[in-house]
Participant: 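One structure, pasted below without further comment.
Everything numeric in this text was worked out from a predicted model, so none of it was measured. Every number for a ligand or one of its atoms is a count from 1 in the order of the listing. Only this structure's heavy atoms are used, side chains among them; waters, hydrogens and symmetry mates stay out.
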Amino acid sequence: MNVLILGSGGREHALSWKIAESPLLDNIYIAPGNAGTQDVGQNVPLDILDFDEIAEFAISEEIDIIVVGPEAPLVAGIYDYFQDREDTNGIKVVGPSLEGAKLEGSKSYGKVFMMENDIPTAAYGEFTSDTLDAGIAHLRANNGPYVLKADGLAAGKGVLIIDNLEEAESELKEMLSGKFGEASSTVVIEEFLDGIEFSVFVLTDGTRYKVLPIAKDYKRIGEGDTGLNTGGMGAVSPVPFVDESMMEKVEERIIKPTISGLQNRKIAYTGFVFIGLIVVDGEPKVIEYNCRMGDPETEVVMPRIKSDFLPVLAALGTDEFDKLPLKHDSRSCATIMLVSGGYPESYEKGKTITGIEKVESSIVFHAGTKQNGDEVMTNGGRVIAVSSFGNNKDEAISTSMRNVELISFDKKNYRKDIGFDL
Ligand code: AMP
Ligand code: GLY
């Protein structure tokens with residue numbers, strides 16, 4: 001089989017690394033990829049939002065499966081594009097349709113979907129500039145903290161959690177008058193949930209599904225979960241506080257109703273559902289849906305999948321899917337993300353990275369890296385994820401900690417407390 005992976009982060013390196021293990025693989029291409037993915041397959045300089053260009057490549061290289069890493073091509077309709085063209089509708093695009101991608105692309109759509117299907121989530125109201133007064137009244141009728149969410153995608157910055165009522169009112173006004181452009185022309189105001197978060201990943205074809213290893217990521221830049229939000233600074237899988245009975249609740253109350261909700265709405269969905277959960281008083285509630293895998297969660301989830309993953313992807317949409325195993329490795333896996341100094345605010349690129357070859361007993365997943373002659377250079381905010389196994393999370397984390405110290409670049413930064421709260 002020939003596979004094309006779209007994206008250039010640690011997630012795409014981990015996906016291509018896992019798929020490349022398969023004896024069923026002929027060729028794997030990563031577009032545009034990074035300095036790490038070129039060791040797994042062939043990087044191709046495609047624009048992940050140029051569907052004509054991707055289709056042309058996929059036809060000429062006889063691609064069987066396209067795995068879409070980030071949300072942008074999904075929210076822009078890549079699944080429907082490939083379905084609609086007669087010469088590409090035989091290619092399996094792993095990712096939801098435009099309609100399915102709205103679970104991530106619109107907070108309001110996600111909330112309505114959860115309400116329709118009785119999926120536990122925070123109580124909410126949604127407001128536009130026409131209903132600003134009602135929005136203010138909604139804030140005043142509740143106690144803080146106030147959770148304000150831009151309806152649309154806002155580069156991970158669209159969720160504000162504010163303690164003070166006056167500040168929340170003024171933020172609501174700013175959001176509705178275009179603080180995040182079109183993305184905040186509708187604002188969802190949610191009940192604040194106080195609990196501990198983890199994430200569940202489901203691979204589905206809209207009917208059948210398999211639950212992948214669970215994970216917890218660390219989104220804040222600073223130790224002790226302080227400072228600005230990032231794409232993610234590290235992750236751990238499995239999550240020690242999530243036991244079998246919690247997973248049963250998640251499966252019965254959240255995963256199954258999510259899949260039947262897709263069917264009720266006749267949503268074409270062949271891909272990953274990433275469910276962000278929070279446990280409040282022992283009960284799981286959905287914080288958000290994403291229509292793709294998480295990054296850096298994929299860097300701990302893929303290593304923990306023991307079965308050949310390619311036939312599972314190939315079987316999506318057929319009865320064969322249910323027959324194939326998806327075994328989880330019982331060991332723990334942890335990843336620590338090395339980032340450029342300054343990230344998630346402004347940072348410099350083009351710093352030489354050294355020491356990768358000294359790493360032992362860990363898997364180095366490249367994120368923002370670029371090959372420049374013989375050198376590997378930094379090329380983004382998140383640079384390299386170092387993933388390790390252990391018999392428990394402490395062992396896994398300490399192996400990653402030892403190895404991140406061997407990798408050097410100017411202004412390297414990383415969190416030294418991944419897993420601190422587990
Ligand atoms: P989201 O983009 O929806 O994942 O939100 C980003 C982060 O904000 C989440 O990972 C949570 O830590 C936090 N958050 C979102 N919604 C709530 C809520 N209703 N109550 C408490 N924290 C929340
Ligand atoms: N690490 C969180 C995300 O991928 O959205």
Participant: In this structure, does ligand 2 have an atom that sits under 4.0 Å from one of the heavy atoms of R11?
Facilitator: no

Participant: Take T399 and S388 through the test side-chain hydrogen bond (donor to acceptor under 3.5 Å, both in side chains) and record every step on the way to the result.
Facilitator: CA-CA 6 Å; T399 302; S388 314; 5.1 Å; no

Participant: Just which atoms of ligand 2 are under 4.0 Å from any heavy atom in G231?
Facilitator: 1 (N), 2 (C)

Participant: Does Y269 have any ring-ring contact (aromatic ring centres under 6.0 Å, His included) partners at least two apart in sequence or in another chain, and if so, which?
Facilitator: none

Participant: Which of parallel (below 30°), tilted (30 to 60°) and perpendicular (above 60°) describes Y289 and F113?
Facilitator: perpendicular

Participant: Check whether any side-chain heavy atom of V386 sits under 4.5 Å from a side-chain heavy atom of I407, and report yes or no.
Facilitator: yes

Participant: For a distance cut-off of 3.5 Å, show me each N or O of ligand 1 paired with any protein N or O, plus the separation.
Facilitator:
{"residue": "ligand 1", "atom": "2 (O)", "partner": "K107", "partner atom": "NZ", "Å": "3.3"}
{"residue": "ligand 1", "atom": "3 (O)", "partner": "K107", "partner atom": "NZ", "Å": "3.1"}
{"residue": "ligand 1", "atom": "3 (O)", "partner": "K149", "partner atom": "NZ", "Å": "3.2"}
{"residue": "ligand 1", "atom": "4 (O)", "partner": "E288", "partner atom": "OE1", "Å": "3.1"}
{"residue": "ligand 1", "atom": "4 (O)", "partner": "E288", "partner atom": "OE2", "Å": "2.8"}
{"residue": "ligand 1", "atom": "10 (O)", "partner": "E197", "partner atom": "OE1", "Å": "2.8"}
{"residue": "ligand 1", "atom": "10 (O)", "partner": "K219", "partner atom": "NZ", "Å": "3.3"}
{"residue": "ligand 1", "atom": "12 (O)", "partner": "E197", "partner atom": "OE1", "Å": "3.4"}
{"residue": "ligand 1", "atom": "12 (O)", "partner": "E197", "partner atom": "OE2", "Å": "2.4"}
{"residue": "ligand 1", "atom": "16 (N)", "partner": "K149", "partner atom": "NZ", "Å": "3.0"}
{"residue": "ligand 1", "atom": "19 (N)", "partner": "E190", "partner atom": "OE1", "Å": "2.7"}
{"residue": "ligand 1", "atom": "19 (N)", "partner": "E191", "partner atom": "O", "Å": "2.9"}
{"residue": "ligand 1", "atom": "20 (N)", "partner": "L193", "partner atom": "N", "Å": "2.8"}

Participant: Enumerate the atoms of ligand 2 whose separation from the nearest heavy atom of D217 is less than 4.0 angstrom.
Facilitator: 1 (N), 2 (C)

Participant: Could you say whether the N/O atoms of E297 and ligand 2 ever approach to under 3.5 Å?
Facilitator: yes

Participant: Taking atom types as modelled, find out whether S108 and E126 have a side-chain donor-acceptor pair closer than 3.5 angstrom.
Facilitator: yes

Participant: Just need the protein heavy atom nearest to atom 5 (O) of ligand 2, so name the residue and atom and give the distance.
Facilitator: R292 NH2, 2.9 Å

Participant: Which ligand 2 atoms does G294 reach within 4.0 Å, using its non-hydrogen atoms?
Facilitator: 4 (O)

Participant: Check this for me - ligand 2, K219, N or O atoms closer than 3.5 angstrom, yes or no?
Facilitator: no

Participant: Is there a side-chain contact between E223 and K416 (heavy atoms, below 4.5 Å)?
Facilitator: yes

Participant: Between I353 and K412, is there a side-chain heavy-atom distance shorter than 4.5 Å?
Facilitator: no

Participant: Indicate yes or no for a side-chain donor-acceptor contact from S387 to the backbone of E299 under 3.5 Å, with no hydrogens or angles considered.
Facilitator: yes

Participant: Within ligand 2, which atoms have a heavy atom of F274 less than 4.0 Å away?
Facilitator: 3 (C), 4 (O), 5 (O)

Participant: Select one of side chain, backbone, both or neither to describe which atoms of M233 lie under 4.0 Å from any atom of ligand 2, heavy atoms only.
Facilitator: neither

Participant: What closest approach, in Å, do A20 and L25 show between heavy atoms, and which atom pair accounts for it?
Facilitator: CA-CD2, 3.7 Å

Participant: Has D217 got a side-chain atom pairing as donor or acceptor with E297's backbone, closer than 3.5 angstrom?
Facilitator: no

